[in-house]
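Computed over heavy atoms, backbone and side chain alike; hydrogens, waters and symmetry mates excluded.
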Amino acid sequence: MTAETRGKRRKGELTPKQQAFVDAYLQTHSARKAAEIAGYSDPVSQGWSLMRTASVADAITKGKEEMRRRNEHLEDQVLQELAKIAFSDISDVVSFDGTSMLVKRLEDIPEDVRPCIRKLTLTPGKFGDRVQIEMHDKLKAQELLGKYMDLWSERVKVEGGDVPVQIEQTVTKLLVEDRIRMLRGEETYDDL
């Protein structure tokens with residue numbers, strides 16, 4: 001680096017400290033925390049100021065877009081795995097011949113059913129091996145899918161009968177929405 005180029009940056013290029021701030025912000029979603037992690041002396045005011053710097057804001061926007069692209073794929077994978085568990089059938093894993101139940105060979109179990117098996121235990125015995133199979137909880141998977149698709153509403157007993165009421169505890173809902181935004185790389189409620 002020559003004396004003429006030292007200290008000069010291209011327009012929009014971040015300093016190493018600003019880049020550290022951007023990286024920390026993308027993880028914490030808090031300007032104050034990101035400024036602390038990046039080593040700024042006054043994290044509250046400097047974090048606030050950095051968020052308004054064009055090159056930093058652009059870098060954060062680009063980082064969030066990249067996170068959003070990655071998280072969309074991850075979200076799809078999670079939903080697919082939950083759906084496998086939610087709609088799994090034990091007959092894909094065991095067969096019943098009228099007198100006994102037999103565990104199918106691993107290669108006979110469809111690939112999309114294998115993730116539904118939580119635990120397989122083989123216990124040797126004097127009359128043959130004993131196999132125990134534990135599947136993942138279908139009801140829990142169905143509940144999670146239902147929550148994701150917002151299928152459930154609670155019923156509250158009110159004088160005069162049951163009235164469907166959407167239970168919304170504002171603080172909990174905001175925290176859940178904030179967490180979802182964070183996972184998707186979107187803007188969250190910052191604790192500045």
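Under the 4.5 Å side-chain contact rule for hydrophobic residues, Leu102 and Leu122 do not share a cluster. Linking ILVMFWY residues whenever their side-chain heavy atoms come closer than 4.5 Å, directly or via other members, leaves Val113 and Leu139 in distinct clusters. Linking Ile, Leu, Val, Met, Phe, Trp and Tyr residues whenever their side-chain heavy atoms come within less than 4.5 Å leaves Ile85 and Met135 in two separate clusters. Val78 and Ile117 are members of different hydrophobic clusters when ILVMFWY side chains are connected at heavy-atom separations under 4.5 Å.
Between Cys116 and Ser88, the shortest heavy-atom contact is SG-CB, 3.6 Å. Closest approach of Ala31 and Phe21 over heavy atoms only: O-CE1, 3.4 Å. The minimum heavy-atom distance linking Gln46 with Tyr40 is given by the pair OE1-CB, 3.2 Å. Of all non-hydrogen atoms in Leu14 and Ala59, the two that sit nearest each other are CD1-CB, 3.6 Å. In terms of heavy atoms, Val94 sits closest to Ile133 at CG1-CD1, 3.8 Å. For the pair Met67 and Leu26, the tightest heavy-atom approach, listed with the atom from each and the gap, is CE-O, 3.5 Å.
If you take CG on Leu144 and NZ on Lys140, they are separated by 5.0 Å, rounding to the nearest 0.5 Å. Here CD of Gln77 is found 3.5 Å from NE2 of His73. Values are rounded to the nearest 0.5 Å. Taking CE of Met51 as the reference point, atom CD1 of Ile60 lies at 4.0 Å (rounded to 0.5 Å). Annotation: the span from His136 atom NE2 to Leu82 atom CG amounts to 10.5 Å, rounded to 0.5 Å.
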Next item on the list: Applying salt bridge (charged side-chain N to carboxylate O under 4.0 Å, His left out), run through Arg70 and Glu66 and close with a yes or a no.
Entry: CA-CA 6 Å; Arg70 284 193 313 253; Glu66 177 60 31; 3.7 Å; yes
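Atom CD of Glu111 has 12 or fewer neighbouring heavy atoms from other residues, nucleotides or ligands inside a 6.0 Å radius. Around the NZ atom of Lys17, the shell of radius 6.0 Å holds more than 12 heavy atoms that belong to other residues, nucleotides or ligands.
Between Lys84 and Glu81, at least one side-chain nitrogen of the basic residue sits less than 4.0 Å from a carboxylate oxygen of the acidic one, meeting the salt-bridge criterion.
Side-chain N or O atoms of Ser30 include one that pairs as donor or acceptor with a backbone N or O of Lys33 at under 3.5 Å. At distances below 3.5 Å, not a single donor-acceptor pair connects side-chain atoms of Lys104 with backbone N or O atoms of Ser95. In this structure, Ser49 contributes its side chain and Ser45 its backbone to no donor-acceptor pair below 3.5 Å. Here the side chain of Arg32 pairs no donor or acceptor atom with the backbone of Gly47 at under 3.5 angstrom.
With hydrogens and angles left out, the side-chain atoms of Asp23 and Gln19 include a donor and acceptor closer than 3.5 Å.
Within the 4.5 Å cutoff, the side chain of Tyr25 has no heavy atoms near those of the Ile37 side chain. Within the 4.5 Å cutoff, the side chain of Asp137 has no heavy atoms near those of the Arg118 side chain. Considering only heavy atoms from C-beta on, Leu145 comes within 4.5 Å of Phe87 through its side chain.
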